[in-house]
Structure formats: structure tokens, C-alpha cells
Engineer: 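My structure is below; once you've seen it, I'll send some questions.
It should be emphasised that the depicted structure is a prediction, and the values quoted were computed from it without experimental measurement.
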Amino acid sequence: MDPVSQKSYHEHEIDPKVFLDVYCSPGIDQAIYDEITIFPMKTLQKLMSSGKITGTTLIDFSTGPMIGPMLSICDYFTEIIILEANDFSLTHAEKWRNGEEETFDWSHLSDVCSEGDRKKWMKKEETLRRKVKSIMKFDESKENPIDKSVFSKASCVTSFYLLSHISKDREAYSKNIRKLASMLDIGGHLFLGGTFNVKYFSIGEHQFHSLPVDEEFIRTVLADGGFSIKLIEKQDSKVVNKAVKYEKVFLAYAVKVKEV
């Protein structure tokens, strides 16, 4: 599709439920669900199992009002701030935090994070809700999206898929990595999830911009952003669907080692 006719995730209307149905539920395409939702959740669980990654504040900055990765990591942090780049996702996230019934049903994730036990699942989701202290709109014009007079720097930042959706080119992607770094203390943890060599990304009938990146680029921008890369886990895509196409899904774990 001509890039001019593509929509921008952070500038145009989306239907959060359509996004969540396609990318965060097994009901429409099991392969998409396994790669976009389950892969990062299980990778995070493996990384967190050592008990060495802990802290006070976790900031999540991801595409859509998705909570899967936060469910895998919330027990290790005291409070969570959610940054949303899309107004419609922000509204849905607020409704979910308030426990409103018309929001997306996440109970199918109980098999991943609570052994399929409904009581454990309800407790897990409520724990996450309780730890979410603020849901904020991302301001693209700010070098540091978090107001330092209100929130101190975070122990951890998680960002899944969003940077490719809001970065018009590789220079903008690199700048957004530095924005993530600005939210972190030295020694802070970054979990960056995305896809390699994306061809297209859609929500419903609308195709949205998604910047293609590869592993070499990700390694370069993280190093340039002041991070030491500890791990890049990746998985070949088996998705055959008109909604999205990419070569691999990845999760990078890095630690901030310097200011740049």
C-alpha cells in the first residue's frame, strides 16, 4: 500500500476491541495470538524467574490497551504507569482499570499466568489493576514524556510493537529509543518487543504505518541509546493473514548503562 494512504496509529481513530480481538485473542488467528501475545509473555516469565529483575516503578508504552506483558511482570514492581499514544486505546485502558464490563475479556490468559485457575486469574488481574497508578497520554513533542516533577525515573520500561508504529523513519525510531532511556535510572531495565521486517499491519479494514526494522538496527539503536543488550529472543513467524505480515517476532532485554 502507498505509505501516503496508510493511517498513523498515534494520530487516527482505532477500535481497541478489534485490535485486541485480532492480536490478543486466540479466537481469530491462533498464530497471531501465539506470536504477538504469548511469545512475549512467556519470554518475560522466563527472564523474571531469576528474581533478580525487580524495582519500584514500571512504565509500559505499547500498542493498544494490551495487558499481557504487564501480567507477566507486575509482581516484581510496586507501581505501574501506562503511557498511551492513541486516545481510543487510552479510554479503553481506563475503562479496564475501572473494571467496566464492556471492556475486553482477558480471562483466556489464565492458562499462561495463573495455571488456568479462575480464582488465581481474578486475583492476578486485580493485582495488576491495583498497581496501575496512572494512565497518561504520550506527548510526542516532549523529549521526556514523563513529568519528572510528578514521577521519578523508573526501574523498568516495557514497550511492545509501538515504536515501529509511531516512528516515521529510522531516525525517529532512534529518537524514541532515547525517550525510553530518559525515563529510566542508570541500571534500569528495558524490555522492547516488536517484529523484524514487517510488511504490513492492519486494524480492521485500515492499514497503519509500521516501520520495518531488523536485528542489526535494533542492536545499534539500543547501544547508541546507552543500553547494554543482555538478550534478544526471536521466533520465526508462521502467520498467514491479511491483518499483518512480518518475518520474526522479537523481545530484546537491555540495561541502561549510561546517559547519552
Engineer: Whether D75 and K124 form a salt bridge (side-chain N of Lys/Arg under 4.0 Å from carboxylate O of Asp/Glu) is what I want to check.
Structural biologist: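 Yes, charged N to carboxylate O under 4.0 Å.
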
Engineer: Is it the case that over 12 heavy atoms from other parts of the model lie below 6.0 angstrom from the CD atom of E205?
Structural biologist: no

Engineer: Please examine the side chains of F196 and S164, heavy atoms only from C-beta on, and report whether any two atoms are closer than 4.5 Å.
Structural biologist: no

Engineer: When you check the gap from the basic side-chain N to the acidic O, do E126 and R130 get nearer than 4.0 Å?
Structural biologist: no

Engineer: Given S89, which partner from the list I14, I135, L20 fulfils the side-chain contact (heavy atoms from CB on, under 4.5 Å) test?
Structural biologist: I14

Engineer: Over all heavy atoms of both residues, which pair between P69 and F160 is shortest? Give the atoms and the distance, please.
Structural biologist: CB-CE1, 3.5 Å

Engineer: When the ring centroid of H165 is compared with that of F208, is the distance short of 6.0 Å?
Structural biologist: no

Engineer: Less than 4.5 Å apart, side chain to side chain, heavy atoms only: is that true for K46 and E233?
Structural biologist: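 Result yes, sub-4.5 Å side-chain heavy-atom pair found.
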
Engineer: For the NZ atom on K168, are there more than 12 heavy atoms of other groups (residues, nucleotides or ligands in this structure) within a distance under 6.0 Å?
Structural biologist: no

Engineer: Are H189 and Y76 close enough that some pair of their side-chain heavy atoms sits under 4.5 Å apart?
Structural biologist: no

Engineer: Please say whether more than 12 non-hydrogen atoms of neighbouring residues, nucleotides or ligands are located less than 6.0 Å from NZ in K131.
Structural biologist: yes

Engineer: Set out, in order, the CA-CA distance, both residues' side-chain angles and the distance that settles side chain to side chain donor-acceptor pair (under 3.5 Å) for H209 and S8, then state yes or no.
Structural biologist: CA-CA 6 Å; H209 166 77; S8 297; over 6 Å; no

Engineer: So does K137 pair up with E84, basic N to acidic O under 4.0 Å?
Structural biologist: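 Looking at K137 and E84, the cut-off is not met.
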
